[in-house]
Structure formats: structure tokens, C-alpha cells
Number of protein chains: 2
Amino acid sequence: MRDSSLSPSSRLGGAVISDRIVSALLEELRTGRYAQTDRLPAEVDLAAELGVSRTVIRDALSEMERAGYIERVRGIGTVVNRSVLNLRSRLDQKLEYYPLIRSFGSYPHADGIQIYPVRAGEELARDLAIEPGDDVICIKKRILADTTPVIYSIDYLPRALFGNRDYTRIDLSGDVFDVLERECRQQVASNVAHLKASCGDEPIRAAMRLAPGEAMLLLDEICYNRLCHPVMRSLSYYTNFFDFSILRKLL
Amino acid sequence: MRDSSLSPSSRLGGAVISDRIVSALLEELRTGRYAQTDRLPAEVDLAAELGVSRTVIRDALSEMERAGYIERVRGIGTVVNRSVLNLRSRLDQKLEYYPLIRSFGSYPHADGIQIYPVRAGEELARDLAIEPGDDVICIKKRILADTTPVIYSIDYLPRALFGNRDYTRIDLSGDVFDVLERECRQQVASNVAHLKASCGDEPIRAAMRLAPGEAMLLLDEICYNRLCHPVMRSLSYYTNFFDFSILRKLL
DNA sequence: AAGTGGTCTAGACCACTTC
DNA sequence: AAGTGGTCTAGACCACTTG
């Protein structure tokens with residue numbers, strides 16, 4: 001029943017048409033035909049115009065609603081939230097800080113890197129779904145945007161992720177997400193972060209060049225791969241260089 | 001084609017069957033048949049067992065995936081994320097702090113309440129989609145959990161939301177979400193928060209009884225109703241009494 | 001080859017809002 | 001009454017993973 005000419009050349013993994021529709025609608029909303037409107041056309045109209053079934057349109061709109069760009073109201077229509085549309089630095093959507101720093105036009109790099117092995121205690125073992133006493137690699141470093149210190153990060157990676165290789169011969173100094181992907185074939189799909197405000201201890205404050213009265217966001221995170229298996233625990237201190245936003249919705 | 005006997009007595013607004021399925025599955029995952037497993041049955045099996053079409057199952061699973069409880073992997077199945085399942089205090093899901101404080105078994109109440117009118121400046125007017133110079137009601141207060149100060153909040157509500165009524169005769173001292181709903185017929189559907197770490201100024205630190213070296217989360221929020229119209233701006237200082245977690249996912 | 005989730009169609013009816 | 005989004009069915013085929 002499906003016209004396969006609609007989904008050709010799909011080297012992509014998952015959604016094809018409906019993802020393309022999301023991109024197209026976001027583009028139209030930002031700079032195109034729908035840039036001035038606060039309502040999208042009715043679902044049936046969109047479906048007719050784009051030559052797909054209403055289900056496809058609804059899939060696309062569901063994704064956009066999940067991200068907060070629109071709100072669908074029964075009997076009314078599809079309403080646009082322009083404020084959300086213009087947000088950058090969404091803490092709930094972005095996981096990696098290297099691309100984030102680049103998006104500000106700054107050059108991300110690390111210094112003061114320390115790498116050493118530790119043995120997992122009770123808590124770390126539970127967090128990483130390993131046994132207490134198992135080997136864990138700890139990576140501490142300071143991240144700068146150009147010359148400004150913006151993050152102090154402490155990462156814990158299960159030694160087992162590197163198999164039998166000698167991890168001391170692997171370059172662990174770059175973006176830890178790249179390391180995980182390149183060296184461990186692990187993609188981080190989601191991440192649970194506990195949020196605190198922290199002033200940090202003296203060495204960290206000095207490293208981050210904090211003025212008195214300045215505080216940092218402390219993100220205590222566990223990263224999971226697609227199969228919901230933990231692959232990393234991180235503690236990251238973020239200065240207020242970042243203007244993180246998050247979308248909060250009742251579910 | 002639809003058997004209406006499946007959706008009886010639906011005083012509920014939206015989803016009926018699929019919402020019931022979400023609740024049932026979450027219950028089974030937490031304390032029932034699926035409490036020990038890390039995979040849910042295949043979609044077709046769930047559909048057959050529950051006597052609904054696969055679409056309904058997929059709607060339910062989509063909602064659960066959005067919340068982070070499960071991850072669906074093509075060719076593999078539906079994987080459970082037990083860590084997310086056990087989270088409380090999700091900053092991305094909860095908007096109101098009164099119920100949150102209650103969920104810790106504490107009694108939420110406010111003191112030091114100040115209410116006064118202000119005129120909107122450029123920024124506030126833009127945030128609230130009103131004109132500069134328009135009347136805005138400012139509510140400042142301290143929130144306590146039992147006897148511990150946990151939040152200092154500053155709320156800005158457009159005067160126009162109260163129509164012609166004399167707002168000084170309205171009780172604005174309780175949960176501001178209740179006030180919005182009861183007095184303004186406005187339900188907050190979503191909320192964009194900008195996150196900072198802050199030490200606060202001296203009066204606030206004193207009011208919150210902060211020790212030296214303690215910092216607070218500062219949430220700078222704009223609340224929207226279902227129609228994506230802003231209804232409130234808030235600045236809230238949260239002490240680390242709260243252990244907020246958030247789910248971060250690539251979209 | 002078998003099994004899983006992902007996409008899509010075509011059509012039906014329900015619930016809510018507005019005129 | 002007309003229009004909107006919300007729910008649901010029944011069935012098809014695609015893409016990926018595993019044995």
C-alpha cells in the first residue's frame with residue numbers, strides 16, 4: 001500500500017518522510033511561509049498539501065510538540081511557541097559541550113588533563129552497573145572557550161569498555177563523547193543529570209578563575225547508551241558562561 | 001470501526017486507552033510482572049494481550065520513551081531504563097514546588113510575602129507579551145519546607161490577567177499556580193527556564209540561612225498556557241534541599 | 001529466516017471549540 | 001453545523017539484529 005518512491009535513497013536509519021517534514025516545518029516557521037504566523041495549518045490540510053497521510057503529519061507534529069516548539073489544542077489547532085523556537089543551549093537536548101562552545105563561535109579545548117585508574121566504590125559501581133573494586137578510568141580536565149575557563153569536568157569510564165587494550169596508549173584528551181564513540185563503540189543516547197549549585201573548592205575556583213560571589217552549576221550525570229546501559233559517570237562544573245535553558249512540561 | 005465499548009465513561013479529556021496502558025505498564029514495571037525484567041514484550045504481543053491495535057501500544061510506548069523510562073531499538077526490542085524509572089524530582093517534568101515539597105513529606109508554606117505593582121520595562125514586556133509601561137503585579141516570598149527555607153521566589157503577573165477586579169482584595173499568598181488557575185483561569189502548560197548558579201545578595205542569603213560557601217540554583221522562568229501565551233515570569237532561588245534531576249536526550 | 005521496532009496508508013469515530 | 005485535534009483499527013512493507 002505504501003508508495004516506496006516516497007522513501008528512496010534512505011541511508012538514514014529511522015524516520016524518513018516524517019523527519020523531513022519536521023525539518024521543513026521548522027525551516028518554514030523560522031524563516032519561511034510560517035515565520036509570521038502563530039498557527040500551523042490544520043493537520044488534514046498539511047497532509048493534503050504534502051501528499052502524505054494524516055498519520056505522518058501527526059508523527060511530525062508529535063516530535064515538534066515534544067520539543068516544545070508547538071502545542072496542539074483540540075478544537076483550536078496547532079499553536080506555535082516562538083520563544084521556544086528561538087532557544088539555543090537547551091540543557092535537556094544537548095549532551096556534548098564541545099559543539100555547544102563552537103556554536104557560540106568560540107574554540108573549545110582542554111588543559112590540565114589528569115588521567116588515572118581508580119577502583120569503583122559502592123556508589124560508582126552501582127551507577128556504572130559494574131562490581132565494586134572493578135577498574136575505572138578517571139579523567140579530570142578543565143575546558144576552555146578560547147581563553148576563558150568554562151567547565152571543570154571529572155569523568156569515570158569503566159576500564160572494561162576498552163577491552164584488552166592498554167588505555168594509556170589511547171588519546172583520552174579530547175571530547176569524551178568522541179572517545180567513547182571512536183574507542184569504545186559506545187554512543188550516548190541519554191543521560192540523567194542531578195543538578196546542584198556549587199561554589200567549588202579552592203583549587204577548582206582558582207582553576208576556573210571565579211570571582212568571590214560567583215557560583216557554578218554542578219551536573220552529576222550518568223550517560224546511557226541506546227540499550228540503557230550506563231557507560232560513563234561525570235561531574236561537571238559549569239560557569240555562568242553558559243546560558244542554559246530547559247523546557248519544563250507536565251506529562 | 002472503533003468499538004466504543006472500549007472507551008466508556010471518558011470524562012477525561014484526551015488519551016483514554018493508551019494512557020491507561022501507560023499507567024498499567026509503569027505499574028507492572030515498578031512492582032508487577034515486569035519488575036525484574038529489562039525488556040518489555042514485543043509490540044505485537046502486547047497488542048494481542050491487551051486486545052488493542054499495535055498503534056495504541058506504540059502511542060503508549062512513545063510516551064514512555066519520551067519520559068525516558070524505555071528506549072526502543074529496532075531489531076532488538078523495548079529496553080527498560082530502571083534508573084530513570086526510579087527518579088523523583090524531575091526538573092523537566094515538575095513545574096510546581098508545593099506538591100514537590102509535599103512529596104518529601106514536608107509541609108510547604110510561605111512567609112515574608114511582599115506584593116506590589118510595578119510597570120513593565122522593555123524586557124519584562126517582551127517576556128510577558130505586553131506593552132512597556134503596562135501594569136504588572138510583583139509577588140516576593142520565601143517558601144519553607146516545614147521550618148527550612150528552601151526557595152526564594154519573585155513572580156511577575158500581568159495586571160490584565162485579573163480583569164477589572166481589585167487585586168489587593170485577592171489572596172495572592174498561596175501557591176501561585178493555584179492563584180493563576182483559580183483567579184485568572186490560566187493553566188500553566190509549559191515553562192522555559194534559564195538556569196544559573198547564584199550566591200544571591202546578602203538579604204536573600206540571610207533569609208535563606210545559607211552557610212558561607214553554599215550556593216543556590218537560580219531559575220529564570222517564563223510560564224506559558226496551552227495556547228503558548230506567557231502568563232508569568234518568575235525568578236526562583238532554590239537551595240540544594242532539592243535534588244533535582246533532569247533527563248537529557250538528543251532529539 | 002525469523003523476529004523486532006519504524007514508517008505509512010485509508011478510513012472511522014470521538015471530543016472540543018467556534019460560529 | 002463546521003472545523004479542529006485525539007484516538008483507534010487493520011493491514012502493508014521497510015530496516016535492523018540475531019541465530
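In what follows, chains are A, B, ... by sequence order, proteins preceding strands, each numbered from 1.
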Could you check how far CG of A/Leu50 sits from C1' of C/dT9, rounded to whole Å?
-> 15 Å
So does A/Arg74 get a side-chain nitrogen or oxygen closer than 4.0 Å to the phosphate oxygens (OP1/OP2) of C/dT17?
-> no
Whole-Å distance separating the CZ atom of A/Arg185 from the C1' atom of D/dT17 | 18 Å
Are any of the side-chain nitrogens in B/Lys249 or B/Glu71 under 4.0 Å away from the carboxylate oxygens of its partner?
-> yes
A/Asp135 vs A/Arg119, salt bridge (charged side-chain N to carboxylate O under 4.0 Å, His left out): CA-CA, chis, key distance, verdict = CA-CA 5 Å; A/Asp135 291 325; A/Arg119 291 193 177 275; 3.3 Å; yes
Using whole Å, report how far CD of B/Glu71 lies from P of C/dG6.
-> 10 Å
Calculate the interatomic distance between B/Ile21 atom CD1 and D/dT7 atom C1'; express it in whole Å.
-> 11 Å
Here the distance between atom P of D/dT17 and atom CG of A/Asn225, to the nearest Å, is 13 Å
Between B/Ser23 and B/Glu27, is any side-chain donor less than 3.5 angstrom from a side-chain acceptor?
-> no
Can you sort out the partners of B/Asn86 under side-chain hydrogen bond (donor to acceptor under 3.5 Å, both in side chains), two or more places apart, ordered by chain and number?
-> none
Can we say A/Asp155 and A/Arg233 salt-bridge, meaning some charged N sits less than 4.0 Å from an Asp/Glu carboxylate O?
-> no
Can you give the dot-bracket line for DNA chain D, using ( ) for pairs inside the strand, [ ] for pairs that cross earlier ones, | for pairs with another strand and . for unpaired bases, where Watson-Crick and G-U count if both distances are under 3.5 Å?
-> ||||||||||||||||||.
Give a yes or no on whether a salt bridge exists between B/Arg33 and B/Glu28, defined as a side-chain N under 4.0 angstrom from a carboxylate O.
-> yes
Between P of D/dA12 and CZ of B/Arg58, the distance in whole Å | 18 Å
Just jot down the side-chain hydrogen bond (donor to acceptor under 3.5 Å, both in side chains) partners of B/Arg54, sequence neighbours excluded, or say none.
-> B/Glu43
Among D/dT17, C/dA12, C/dT18, the one nearest A/Arg54 by side-chain distance = C/dA12
Among C/dT7, C/dT17, D/dG6, the one nearest any side-chain atom of B/Arg226 is C/dT17
Closer to the 5' end of DNA chain C via nearest nucleotide, is it A/Thr55 or B/Ile76?
-> B/Ile76
Whole-Å gap separating P (D/dG5) and CD1 (A/Ile57) | 11 Å
Contacts of B/Arg66 meeting salt bridge (Lys or Arg N to Asp or Glu O under 4.0 Å) (sequence neighbours excluded), chain-then-number -> none
Are any of B/Arg72's side-chain N or O atoms less than 4.0 Å away from OP1 or OP2 of C/dT4?
-> no
Is the ring centre of B/Tyr238 less than 6.0 Å from the ring centre of B/Phe244?
-> yes
Let me know the distance between CG of A/Leu227 and C1' of C/dT4, rounded to the nearest Å.
-> 13 Å
Between A/Leu61 and B/Val56, which has a closest nucleotide on DNA chain D that is more 5'?
-> A/Leu61
Please work out which residues in residues 37-48 of chain B have a non-hydrogen atom less than 4.0 Å from an atom of DNA chain D and list them by number.
-> none
Enumerate, atom names and distances included, each donor-acceptor pair closer than 3.5 Å involving a side-chain atom of residues 172-182 of chain B, sequence neighbours excluded.
from, atom 1, to, atom 2, distance (Å)
B/Ser173, OG, B/Asp171, OD1, 2.6
B/Asp175, OD1, B/Phe177, N, 2.9
B/Glu181, OE2, B/Gln187, NE2, 3.0

B/Thr78 side-chain N/O to C/dG5 phosphate OP1/OP2 under 4.0 Å | yes
